Structure formats: structure tokens, C-alpha cells
> 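Let me give you the structure first, and then I'll get to my questions.
Treat the numbers as computed from the prediction; the structure is a model and nothing was measured.
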Amino acid sequence: MKNLIKIFSLFSLMGFYTLEAQQVVKKDTLSGTELTITMDSRVSEALDAVEDRCAKATAAKISSGIDDDSPSKPTKILVPSRELTNAEICRRNPRILGFKIQIAVVKSNDEANEIKAYFRKRFPTLKVETDASLRPNYKILAGSYFTKQSAAGDLARVKEYFKSATPIQYRVFCADAK
């Protein structure tokens, strides 16, 4: 009997709570999607009043020409309507995902150093480096390029000496890339 009274009182409290609440449909300010919220009508009215005050304060600042950098002012994000140049990309992030020419993959560091020395004699203008992240294998990589197309000219020259040379995606320093 005591359990029945507890259950009845719990359901009656929940029933009174849902009578006080109402469903409010709001529009999202960024994407414009509808959002349905269940809340008390007094809370909804209070939120509407706060939003109105914010809108009026913003409109007053704009019309009076006040342009202060107060913390309450939202940061302005500029999205360019054109494609960014390589220099603009490099300013934002000095290291980007670009391409390198993989000359060979060898088993020892000594063999990698021999290939690098041979490569430097043939191509003194291209920077060559060893990647030891796949130990015990070593990758010998050359050049730094923004795209595969920009690597195509050097790749054709390198393939004359290294038939297995191929462009691979790799993190490159923007300042070095072509």
C-alpha cells in the first residue's frame, strides 16, 4: 500500500510539472533550423526579453557609430570570396599537407646515405631528406610541392635515374614548397 501511494504521488507531481511547461519552437540563429524546447512560459518570456535588449543594444551601437573592442562584441570572422594564394596559406600555417617525391625505400641508414649522396650529385637544386619513421626501413624523399602537378616536372627528371620514384602526400614547410 505504501508503494502504491509513493507511485501515485510521483505521477501526480510529474503531471503538475508538465501542466506548467509548454513547448516552445525557436529558430536557430546560425543555420535557421527549428528547435523545439519544453519550458515554462515565464522562462520563455524572460529569454525573449533578454534577446530583445541585446538586439536593441547592438542596433544602438551600430547607429551611433561606436566601435569599441569590448569583450561583449563578437569576433568577426572574415571568409574570403576567392581562393587563397600560397603566400596567404603559408602565413596562416607554416607547415601544410603537400607532396614530396619518394625516391626509394631501403633497409639501412648507410644505404639511404649512399642514395642521398648520389641524388645530390645528379640534382643539386632539390633538397633531399631521410624519413626513418618506418624503421627498420628508411624513405628517401626529395623536394617540397604544393600539388602533384607542381611536382610533375621534377618527377620526370628524377625518374630517369630512379624508376621507382613517385609523388607521395607529406607534410612540407610552406616556405620550401614550389
> Is there side-chain contact between Q102 and I140, with heavy atoms separated by less than 4.5 Å?
no
> For K159, I'd like to know if atom NZ has over 12 heavy atoms of other residues, nucleotides or ligands within 6.0 Å.
yes
> Which residues pass the side chain to side chain donor-acceptor pair (under 3.5 Å) test with K148, not counting sequence neighbours?
none
> Nearest 0.5 Å please: distance from the NZ atom of K127 over to the CZ atom of R120.
10.0 Å
> Mind checking whether L141 and V105 sit in one hydrophobic cluster, side chains of I, L, V, M, F, W, Y counted as touching below 4.5 Å?
no
> Check whether any side-chain heavy atom of F123 sits under 4.5 Å from a side-chain heavy atom of D154, and report yes or no.
no
> Checking E129 now: which residues fulfil salt bridge (charged side-chain N to carboxylate O under 4.0 Å, His left out) with it, not counting sequence neighbours?
K100
> Kindly compute the distance separating NZ (K139) from CD1 (I115), expressed to the nearest 0.5 Å.
14.5 Å
> For the CG atom of L155 and the CZ atom of F99, what is their distance to the nearest 0.5 Å?
11.5 Å
> At their closest point, which heavy atom of K107 faces which heavy atom of E111, and how far apart are they?
N-OE1, 4.0 Å
> Would you mind writing out the side-chain donor-acceptor pairs for residues 164-172 within the sub-3.5 Å range, not counting sequence neighbours?
from : atom 1 : to   : atom 2 : distance (Å)
S164 : OG     : I103 : O      : 3.3
Y170 : OH     : D131 : OD2    : 3.0
R171 : NH2    : R95  : O      : 3.3

> Would you name the heavy atoms of Y138 and N109 that are closest together and state the gap between them?
CE1-N, 3.5 Å
